[in-house]
Structure formats: structure tokens, C-alpha cells
Amino acid sequence: MFGISDYGAFAAAFVLLLFLPGPGNLALISSASKGGLSGGLASVLGLLLGDQILLWLTVAGVAALLKTYPNFFTALQWLGAAYLAWLGGKMVMSKPGEGPSLQITPGHYFRETLLITLLNPKAIMFYLAFFPQFIDPVHQQGWVTFGVMAATIAVLGFAYCFGVVWVTHHMAARLRAHPTLSSWLQKLAGLCLVGFGLRMVLAK
């Protein structure tokens with residue numbers, strides 16, 4: 001189908017990637033709980049743009065570049081780990097009722113989630129290693145094949161991410177009514193981010 005060796009398996013694999021716990025999901029939940037629907041949707045756009053950038057970089061041959069220069073990917077892992085640990089540390093150290101030190105705007109959430117996606121090894125490895133396995137080298141139709149795969153990822157990604165944001169937004173009001181609980185959940189989310197960063201380093 002359009003030069004994709006198994007379209008159903010490709011779509012299922014991407015859905016599975018979305019459901020796996022990771023920094024991208026955490027960023028969506030954090031943005032929607034603090035910035036409402038506008039912050040959450042800005043985060044969705046950042047995540048989707050990050051996915052598209054990784055996909056088209058793969059098409060452009062970045063996979064071959066990383067295979068030739070493995071140290072480049074190692075440096076990327078360290079950079080991503082440091083960034084996630086920094087974000088998590090800020091959340092853990094925040095005081096109850098204290099607003100984020102950075103200005104909360106939809107643009108901020110967009111940029112932060114975009115960076116998290118681009119520096120997330122789980123997403124990078126999907127596009128650089130797993131994604132090419134679904135391209136049929138005999139029947140692939142060039143830009144048509146890549147375009148169909150990119151559109152599939154965008155549609156599935158938006159449906160899932162919007163669902164996460166919608167649910168989180170409606171739960172956020174209840175959390176704000178209990179500031180102590182909200183503070184502890186924020187610290188827990190921060191610890192998870194630090195954990196993701198450490199896991200990225202140890203997985204090298």
C-alpha cells in the first residue's frame with residue numbers, strides 16, 4: 001500500500017509508541033494542567049512538529065549520518081538527558097503555590113515540548129531505526145510513500161495527544177482545588193523527568 005510494506009503494522013506500531021510512558025506524554029499532561037486548553041494544544045503542536053521534523057530528517061538521510069558518526073547520537077543522548085533533568089529539577093524544587101519561574105504562554109509550551117520531542121531517544125530511535133523497516137524498497141513510491149506515512153503519524157498523533165490534553169484539562173480544576181496534592185503531583189512529575197534523563201544516560 002503506497003510502498004509501505006505493512007501499513008496496518010506501521011499504524012499499530014506508532015500507536016503503541018504513543019501509549020508508552022515517556023517525556024512527551026508527561027509534557028502534554030503538565031502543559032494542559034498548567035496552561036489549560038491553549039497551553040495543552042500548543043504542546044500538541046510542538047510534539048507533532050517534532051515528530052514531523054524527525055521523520056523528514058530520516059528521509060533526508062540522517063540515519064546514515066548517525067550510523068557513520070555514532071558519537072553524534074551519544075552527544076544527543078547526553079544533551080537530552082541534561083535538558084530533561086533540568087526541567088525535572090525545577091519542578092521538584094518549586095514551592096507549594098509557587099508559579100513557574102518561566103513565563104507561562106502557549107508559545108513557551110510549544111517550544112518546550114518541541115525540544116523534548118527532538119531530544120527524546122525513544123522518538124529518535126523509532127524514526128531512525130524502526131520507521132525505515134516499513135518502507136518497501138521495491139514498491140516504494142518516493143515522496144508519495146513518505147507523505148502517506150507522515151500524514152498517518154500526524155493524524156494518529158493529533159487524535160491521541162488531543163485526548164490526553166482534553167482529559168487532563170478537565171481534571172486540572174479538581175487538582176487546583178487541592179493545592180497540596182497538586183504540588184506533590186508536580187514534584188512527582190519532576191522526579192519522573194529526572195528519571196527519564198537518567199534512564200537515557202544509562203541506556204547508552
Side-chain angles (χ1 to χ4, degrees), residues 1-60 62-63 80 83-84 87 100 102 104-135 140-175 189 192-193 196:
M1 179 179 180
F2 297 108
I4 304 172
S5 58
D6 191 333
Y7 182 81
F10 167 70
F14 184 69
V15 170
L16 178 61
L17 177 77
L18 290 172
F19 275 97
L20 290 176
N25 280 299
L26 191 56
L28 288 175
I29 293 172
S30 178
S31 297
S33 62
K34 294 180 181 179
L37 280 179
S38 60
L41 289 176
S43 239
V44 170
L45 294 178
L47 191 149
L48 295 180
L49 178 59
D51 279 342
Q52 292 297 314
I53 290 174
L54 292 177
L55 186 154
W56 290 108
L57 283 178
T58 301
V59 172
V62 174
Y83 182 71
L84 291 179
L87 288 178
L102 296 175
I104 297 181
T105 65
H108 164 69
Y109 290 125
F110 171 82
R111 292 189 298 271
E112 191 166 273
T113 308
L114 174 61
L115 281 175
I116 287 175
T117 302
L118 292 176
L119 296 174
N120 181 9
K122 182 182 73 174
I124 293 173
M125 289 307 299
F126 174 80
Y127 291 109
L128 298 182
F130 191 54
F131 164 75
Q133 305 303 318
F134 292 99
I135 299 175
Q140 66 92 11
Q141 302 173 34
W143 294 108
V144 174
T145 299
F146 301 133
V148 170
M149 298 179 88
T152 300
I153 286 173
V155 171
L156 292 176
F158 179 80
Y160 171 81
C161 294
F162 181 78
V164 171
V165 167
W166 181 262
V167 171
T168 303
H169 173 66
H170 286 283
M171 292 180 60
R174 298 181 182 179
L175 290 176
C192 289
L193 276 179
F196 285 131

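When reading the values below, keep in mind they use all heavy atoms of this one structure, side chains included, and skip hydrogens, waters and symmetry mates.
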*Which atom of Phe158 lies closest to which atom of Val44, heavy atoms considered*: CD1-CG1, 3.9 Å
*Nearest-0.5 Å distance that lies between atom OH in Tyr109 and atom CG in Leu41*: 12.5 Å
_Evaluation steps, side-chain contact (heavy atoms from CB on, under 4.5 Å), between Tyr160 and Val15_ = CA-CA 8 Å; Tyr160 171 81; Val15 170; over 6 Å; no
Return a table of donor-acceptor pairs under 3.5 angstrom between the side chains of residues 148-157 and protein atoms on other chains or two or more places apart.
residue: Thr152; atom: OG1; partner: Tyr7; partner atom: OH; Å: 2.7
residue: Thr152; atom: OG1; partner: Val148; partner atom: O; Å: 2.8

_From CG (Leu48) to CZ (Phe110), nearest 0.5 Å_ = 9.5 Å
_Inter- and intrachain pairs under ring pair (Phe, Tyr, Trp, His ring centres under 6.0 Å), touching residues 35-60, at least two apart_ = Trp56-Trp143
*If you look at every heavy atom in Cys161 and Leu28, which pair is closest and at what distance?*
SG-CD1, 3.6 Å
*Taking only residues two or more places apart in sequence, or in another chain, which ones meet Ile29 in a side chain to side chain contact (heavy atoms under 4.5 Å, CB included)?*
Val164, Thr168
*asked:* So, using side chain to side chain contact (heavy atoms under 4.5 Å, CB included) as the criterion, who are the partners of Ile53 when residues are at least two apart?
replied: Leu49, Leu57, Leu114, Leu118
*With sequence neighbours left out, what residues match Thr113 under side chain to side chain contact (heavy atoms under 4.5 Å, CB included)?*
Ala27, Ser31, Ser43, Leu47, Thr117
